[in-house]
Amino acid sequence: MSSSLPAAQAAAPFRAPSQRGFALLLLAGVLWGTGGPAGHLLQAQGVAPMAAATYRLLLAGLLISAFLLATGELGRIPRSRPLLRRLAVNGALHAVFQMLYFGSLALIPVGLATLVKIGSVPVFVAAGVCALSRSRPGARLAVPVLLAVAGLALLAGFPGTGGSPARLAGGLACALGAGLAFSAMTLVNRRPVEGLSPLANAGLGMLIGAVLLLPAGAATGLAVPVRADTLALLAFLGTVPTVLAYLAYFAGLRTASDTGAAVGTLAEPLTAALLSVAFLGEAMTPLGAAGAVLLLASMGAEPLARAVGERRRRRPGAP
């Protein structure tokens, strides 16, 4: 028994960061889940999809950059080539992701757009992890991803689109493209860059993304109704599902396991679905409810697999 104690003690420092990373990704998913309904309400008030995407990144980027400037961190960021390259890649991915996501919101219901967008992430991330490591997915990665896919297949029937096949196809294509862009951001940011904190990574990347979106936003119209509820929605969209969510996301990616990175943000479609039912009048079918349960199971599989693995390592004579 005593021989297994040092191994357990040695593993403890590595378990805690992984648990914190997964919890931060779950938090990011919940916060992101509020963004779809907020964006839908903005579009219902006359704000163009590209304008909502542009203002979301611009407001968040300016807020974080102002904080970095006030604290002096902005001046301490090294101007290294890897750091500048990471910010440029993140900026481009932010721009593509927001453009495609808000485009999908204009074509298909919020719940379906969010489900397809973030629901495709576990598959894309798992494929990317295996490709980068040149290995096959193990059970700890494959089981949660398969549960997630099954749950999303059931939940995707919620709600009905009520639109033309062309509109549905366009919305689904935009949502899948957004999921691919988000997955690329997840894989790119798994490895930190020296001198680039999660705060700077999020803020400067979003500011670059906003600048890249400005031409498209200007072409489609950046006008916003000067009303208290519209301005409050814009402020909410730029802070809660953007500033706070991306800070949790970039911080969590640093220590989360491969499985945690793949399924941690699945809290987003659940949150968006529940908010859509509560505030947007979208209906949840029995199959959709079963899919939500499977999504919860996929998220619970990661900490369960970790706990089982730790118990095995603590057994006497375990390697």
Side-chain angles (χ1 to χ4, degrees), residues 28-63 93-121 158-159 161-163 167-168 170-179 181-182 185 202 206 209-210 212-214 216-218 220-246 249 265 267-282:
V30 171
L31 295 175
W32 274 323
T34 66
H40 176 83
L41 292 173
L42 276 173
Q43 292 182 34
Q45 294 181 8
V47 180
M50 284 303 302
T54 303
Y55 285 130
R56 178 183 189 178
L57 289 182
L58 186 62
L59 178 58
L62 288 175
L63 284 173
L93 290 172
H94 274 299
V96 171
F97 171 70
Q98 295 297 331
M99 179 177 63
L100 292 175
Y101 179 47
F102 278 90
S104 70
L105 292 180
L107 296 171
I108 55 179
V110 175
L112 181 59
T114 306
L115 285 170
V116 174
K117 180 254 299 185
I118 205 66
S120 60
V121 169
F158 148 77
T161 60
R167 189 179 182 90
L168 174 61
L172 292 177
C174 286
L176 279 173
F182 183 86
M185 194 184 304
M206 286 187 283
L212 294 175
L213 280 181
L214 275 174
T220 57
L222 291 172
V224 174
V226 185
R227 293 167 33 186
D229 55 347
T230 304
L231 296 178
L233 272 173
L234 271 177
F236 176 86
L237 187 64
T239 52
V240 176
T242 311
V243 172
L244 298 179
Y246 274 99
Y249 164 71
T265 54
E268 179 182 356
L270 287 177
T271 303
L274 293 175
L275 290 176
S276 297
V277 169
F279 299 107
L280 301 181
E282 297 179 357

Nearest non-hydrogen partners of [X] and [Y], listed with the distance:
X      : Y      : answer
Gly238 : Val243 : O-CG2, 3.1 Å
Thr242 : Ala60  : CG2-CB, 3.3 Å
Ala245 : Ala28  : O-CB, 3.4 Å
Pro37  : Gly33  : CD-O, 3.2 Å
Pro241 : Thr34  : CB-OG1, 3.6 Å
Gln43  : Leu105 : NE2-CB, 3.7 Å

Please report the interatomic distance [atom1]([X]) to [atom2]([Y]), rounded to the nearest 0.5 Å.
X      : Y      : atom1 : atom2 : result
Leu59  : Phe236 : CG    : CZ    : 12.5 Å
Leu231 : Tyr55  : CG    : OH    : 10.5 Å
Phe97  : Leu57  : CZ    : CG    : 9.5 Å
Leu107 : Phe102 : CG    : CZ    : 13.5 Å
Leu214 : Leu222 : CG    : CG    : 7.0 Å

Applying side-chain contact (heavy atoms from CB on, under 4.5 Å) to Leu172 and not counting sequence neighbours gives Ile108, Leu112, Val116, Leu168

4.5 Å side-chain heavy-atom contact, Leu42 and Leu237:
yes

Report all side-chain donor-acceptor pairs from residues 44-54 shorter than 3.5 Å, counting only partners two or more places apart or in another chain.
residue : atom : partner : partner atom : Å
Gln45   : OE1  : Thr230  : OG1          : 2.4
Thr54   : OG1  : Met50   : O            : 2.7

Selection residues 96-106 - residue pairs positive for side-chain hydrogen bond (donor to acceptor under 3.5 Å, both in side chains), sequence neighbours left out
Arg56-Gln98, Tyr101-Thr114

Assess whether side chain to side chain contact (heavy atoms under 4.5 Å, CB included) is satisfied between Asp229 and Leu233, documenting all intermediate values.
CA-CA 6 Å; Asp229 55 347; Leu233 272 173; 5.7 Å; no

When you measure from the side chain of Thr220 to the backbone of Ala216, do you find a donor-acceptor pair of N or O atoms at a distance under 3.5 Å?
yes

